[in-house]
Protein chains: 2
Amino acid sequence: MPASRARTPRNTLSPELIVRTALELMESDGTSAFSLRGLAAELGVGPMALYTYFRNKDDLYDAVRNHLMGLLPPVPDGVPWQDQVRAVCRSLRSLMLQHPCLAQLLAGRPLSGQETARVAEGLLGVLRSAGFDKETAARTHTTLFTYVLGSTSWEIQMAAERRDPEAWRRLRTTMESLSATEFPTVVELAPELSRTTGGDPQFNYGLDLLITGLEPHTT
Amino acid sequence: MPASRARTPRNTLSPELIVRTALELMESDGTSAFSLRGLAAELGVGPMALYTYFRNKDDLYDAVRNHLMGLLPPVPDGVPWQDQVRAVCRSLRSLMLQHPCLAQLLAGRPLSGQETARVAEGLLGVLRSAGFDKETAARTHTTLFTYVLGSTSWEIQMAAERRDPEAWRRLRTTMESLSATEFPTVVELAPELSRTTGGDPQFNYGLDLLITGLEPHTT
DNA sequence: ATCGCTAACGTACGGTGTATAGTACACCGT
DNA sequence: ACGGTGTACTATACACCGTACGTTAGCGAT
């Protein structure tokens with residue numbers, strides 16, 4: 001018991017600290033490079049210490065996702081339902097862009113956790129108030145949610161591809177090697193395809209398509 | 001030379017055989033359980049033999065994805081463009097449902113490969129013929145593609161969750177523990193949400209929303 | 001008959017998640 | 001004041017992963 005024993009003090013860890021640090025690591029090094037061992041090292045702790053707070057890696061992922069979902073702003077009121085829908089969708093999108101790991105966290109394991117329910121509550125409330133019947137509201141919620149998820153994840157993937165020079169080069173050469181007789185339209189529209197990839201205008205274009213199609217459904 | 005030497009004969013492997021076997025493994029054991037070592041074992045070969053045909057695991061994934069995309073049927077003609085769009089989107093969706101690993105393959109690495117270009121060619125051609133200008137055609141293609149991808153991936157994830165009893169139980173208890181005062185709409189619409197999750201009607205609902213919104217854009 | 005090429009091999013390395021068992025401290029009833 | 005107990009953390013170990021490296025065996029061409 002000579003106190004020379006340099007054991008770490010007792011309560012250095014907490015779920016919040018772990019989640020926060022995990023998030024930082026995922027954002028600085030990329031989600032795929034994230035590992036429990038790396039996280040433990042960053043926290044100055046053995047890998048197994050994390051298992052005191054989380055049952056396994058997926059459980060930690062759940063917590064991080066839940067934490068991120070909690071950052072979503074509330075739905076604005078006092079504006080037409082179309083604008084409320086737009087606001088909710090854009091909030092989710094911009095959160096995903098700000099925290100690229102969120103896309104993979106959402107893809108890996110569908111809705112669960114209190115915070116995910118909160119965003120559903122917001123969107124469903126808007127739709128119900130706008131006069132959608134129960135079933136249409138549910139369907140619309142799923143449609144909007146999956147659209148935001150799919151298009152934003154895609155955008156993030158494309159951006160990541162562009163950052164990896166090797167992958168980007170391969171993509172370009174594949175594109176350019178396409179025979180103009182076999183793929184006339186792709187070749188003709190190549191400039192538009194690469195110019196319009198991603199970005200707010202692309203996102204808003206699809207979102208407005210959905211909302212336009214939605215209007216006849218309000219009672 | 002005495003054939004007693006039990007080395008495998010020479011050309012047991014081929015890219016096609018590897019891709020086909022990899023696909024079978026992914027579909028029987030799940031994408032996440034797939035490993036190069038398992039694949040090599042299935043082929044009766046050492047792990048490193050695969051590197052003769054593929055530069056690394058991602059390269060193999062690319063090949064599998066390309067192979068799957070090649071299974072898409074051609075675009076029907078002689079029908080209105082709306083029906084052509086529906087056909088293309090439904091083909092992709094049903095291919096993803098038939099080969100669940102495709103969702104993850106598409107999520108993991110965006111478009112690349114000849115076969116992916118072929119589906120783009122089909123859809124873009126339809127849109128151009130329908131009178132969309134270049135930019136709108138490109139935007140619309142991206143929107144439709146990401147919608148199909150997002151909503152079908154989501155559906156597959158949900159179905160997988162439902163098959164894992166542990167995850168499914170956790171989800172149900174989370175759902176049921178939601179306070180009816182904090183999440184009134186979610187609680188009220190719980191039946192609709194779980195009833196309408198996934199399935200062709202849900203998919204077609206969103207798809208028709210998009211197509212409806214699209215109509216004013218033809219020249 | 002021999003040589004060179006290359007397909008497939010074996011070995012090894014550094015990494016992963018996590019099961020299991022152990023250890024030292026903080027707290028508590030006495 | 002003190003021994004017991006729970007808990008927060010450590011140590012060790014296992015099975016598995018992708019893949020870099022160097023080697024070998026069988027075929028086609030010479």
Side-chain angles (χ1 to χ4, degrees), chain A residues 1-22 25-26 28-65 101 104-105 108-109 164 166-167, chain B residues 1-22 25-26 28-65 101 104-105 108-109 164 166-167:
Chain A
M1 27 218 55
S4 66
R5 207 63 168 85
R7 283 288 206 141
T8 50
R10 226 58 218 309
N11 291 325
T12 48
L13 258 40
S14 75
E16 293 76 19
L17 177 63
I18 294 177
V19 166
R20 204 151 24 94
T21 311
L25 276 183
M26 287 187 201
S28 66
D29 299 351
T31 318
S32 66
F34 174 80
S35 76
L36 291 184
R37 298 174 112 102
L39 172 58
E42 181 76 19
L43 289 164
V45 117
M48 295 313 290
L50 303 172
Y51 285 79
T52 308
Y53 301 90
F54 299 97
R55 308 212 331 287
N56 51 40
K57 202 186 187 188
D58 276 343
D59 200 27
L60 173 59
Y61 279 154
D62 281 359
V64 173
R65 198 191 47 218
C101 57
Q104 274 163 261
L105 291 175
R109 179 161 301 200
D164 174 6
E166 161 60 16
Chain B
M1 332 248 117
S4 67
R5 208 56 169 94
R7 279 280 207 154
T8 50
R10 225 62 220 305
N11 291 323
T12 49
L13 259 40
S14 76
E16 293 76 19
L17 178 62
I18 295 177
V19 165
R20 204 152 25 93
T21 312
L25 277 183
M26 288 187 200
S28 66
D29 299 352
T31 319
S32 66
F34 174 79
S35 78
L36 291 184
R37 298 174 113 103
L39 172 59
E42 181 75 17
L43 288 164
V45 119
M48 294 315 288
L50 303 172
Y51 284 78
T52 307
Y53 301 90
F54 299 96
R55 308 212 334 284
N56 52 39
K57 201 186 189 188
D58 277 344
D59 200 27
L60 174 59
Y61 280 154
D62 281 359
V64 173
R65 200 192 45 221
C101 56
Q104 274 162 261
L105 291 175
R109 178 163 303 200
D164 175 4
E166 161 59 17

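Lettering follows sequence order; numbering is per chain, from 1.
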Q: Using Watson-Crick and G-U wobble pairs whose two distances are both under 3.5 Å, how do you write the pairing of DNA chain C as dot-bracket, with | for links to another strand?
A: ||||||||||||||||||||||||||||||
Q: May I ask you to say what B/A49 touches in the nucleic acid, namely base, sugar-phosphate or nothing, with a heavy-atom cut-off under 4.0 Å?
A: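 Sugar-phosphate, backbone atoms only, no base.
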Q: From A/R37 CZ over to A/M48 CE, what is the distance, rounded to the nearest 0.5 angstrom?
A: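 Output value for this atom pair is 9.5 Å.
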Q: Between P on D/dG18 and CG on B/L39, what's the gap in Å once rounded to a whole number?
A: 10 Å
Q: Could you please name the option among D/dG18, C/dG17, D/dA20 that lies closest to any side-chain atom of B/M48?
A: D/dA20
Q: Nearest to the side chain of B/T52, heavy atoms from C-beta on, is which of D/dA8, C/dA8, C/dG17?
A: C/dA8
Q: Take the protein atom CG of A/L17 and the nucleotide atom C1' of D/dA8, then report the distance between them rounded to whole Å.
A: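 Computing the A/L17:CG to D/dA8:C1' distance gives 14 Å.
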Q: Report the residue (A/R55 or A/A33) whose heavy-atom-nearest nucleotide on DNA chain C is the more 5′ of the two.
A: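 Closest to the 5' end, via its nearest nucleotide, is A/A33.
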Q: Evaluate the side-chain proximity of A/Y61 to A/F54: yes if any heavy-atom separation is below 4.5 Å, no if none is.
A: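 Contact flag for A/F54/A/Y61 side chains = no.
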Q: Hey, could you give me the CD/CG distance between A/E42 and A/L39, rounded to the nearest 0.5 Å?
A: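 The distance works out to 8.0 Å.
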Q: Of the nucleotides C/dT16, D/dT12, D/dC17, which has the atom closest to the A/K57 side chain?
A: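 Between C/dT16, D/dT12, D/dC17, the one nearest the side chain of A/K57 would be C/dT16.
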Q: For B/L43 and C/dA8, give me the distance from atom CG to atom C1', rounded to whole Å.
A: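 It is 12 Å, rounded to the nearest whole Å.
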Q: In terms of side-chain heavy atoms of A/L13, which of C/dG17, D/dT19, D/dC9 is nearest?
A: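 Minimum distance to the A/L13 side chain belongs to D/dC9.
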Q: Calculate, to the nearest 0.5 Å, the distance between atoms CG and CG belonging to B/L25 and B/L43 respectively.
A: 8.0 Å
Q: Please report the shortest heavy-atom distance between B/P47 and B/A40, naming the atom on each side.
A: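 Minimum heavy-atom separation between B/P47 and B/A40: CA-CB, 3.5 Å.
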Q: Return yes if the base of D/dT19 and the side-chain atoms of B/R37 contain a donor-acceptor N/O pair under 3.5 Å, otherwise no.
A: yes
Q: Can you check whether A/D62 reaches A/L105 side chain to side chain, under 4.5 Å on heavy atoms?
A: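 A/D62 vs A/L105: side chains apart.
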Q: Could you state the CG-P distance from A/D29 to C/dT16, rounded to the nearest angstrom?
A: 12 Å
Q: For C/dA8, take OP1 and OP2 only and decide whether either is under 4.0 Å from a side-chain N or O of B/Y53.
A: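 Yes, within the criterion.
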Q: Nearest whole Å is fine: how far is D/dC17 C1' from B/N56 CG?
A: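 Going from CG in B/N56 over to C1' in D/dC17 covers 14 Å.
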Q: Determine the sole option in A/I18, A/L17, A/V19 for which the side-chain contact (heavy atoms from CB on, under 4.5 Å) test with A/T21 is passed.
A: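 Only one option passes, and that is A/L17.
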Q: Scan A/S35 against the nucleic acid and name what it touches under 4.0 Å (heavy atoms): base, sugar-phosphate only, or nothing.
A: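 Here A/S35 touches the backbone only, sparing every base.
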Q: To the nearest Å, give me how far apart CG (B/L50) and C1' (D/dC17) are.
A: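 Going from B/L50 (CG) to D/dC17 (C1'), I get 14 Å.
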Q: What is the distance, to the nearest angstrom, from the CZ atom on B/F34 to the C1' atom on D/dC16?
A: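 Whole-Å distance recorded here is 15 Å.
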Q: For the pair made of OH in B/Y61 and C1' in D/dG18, what is the distance, rounded to whole Å?
A: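 Answer to the nearest Å: 11 Å.
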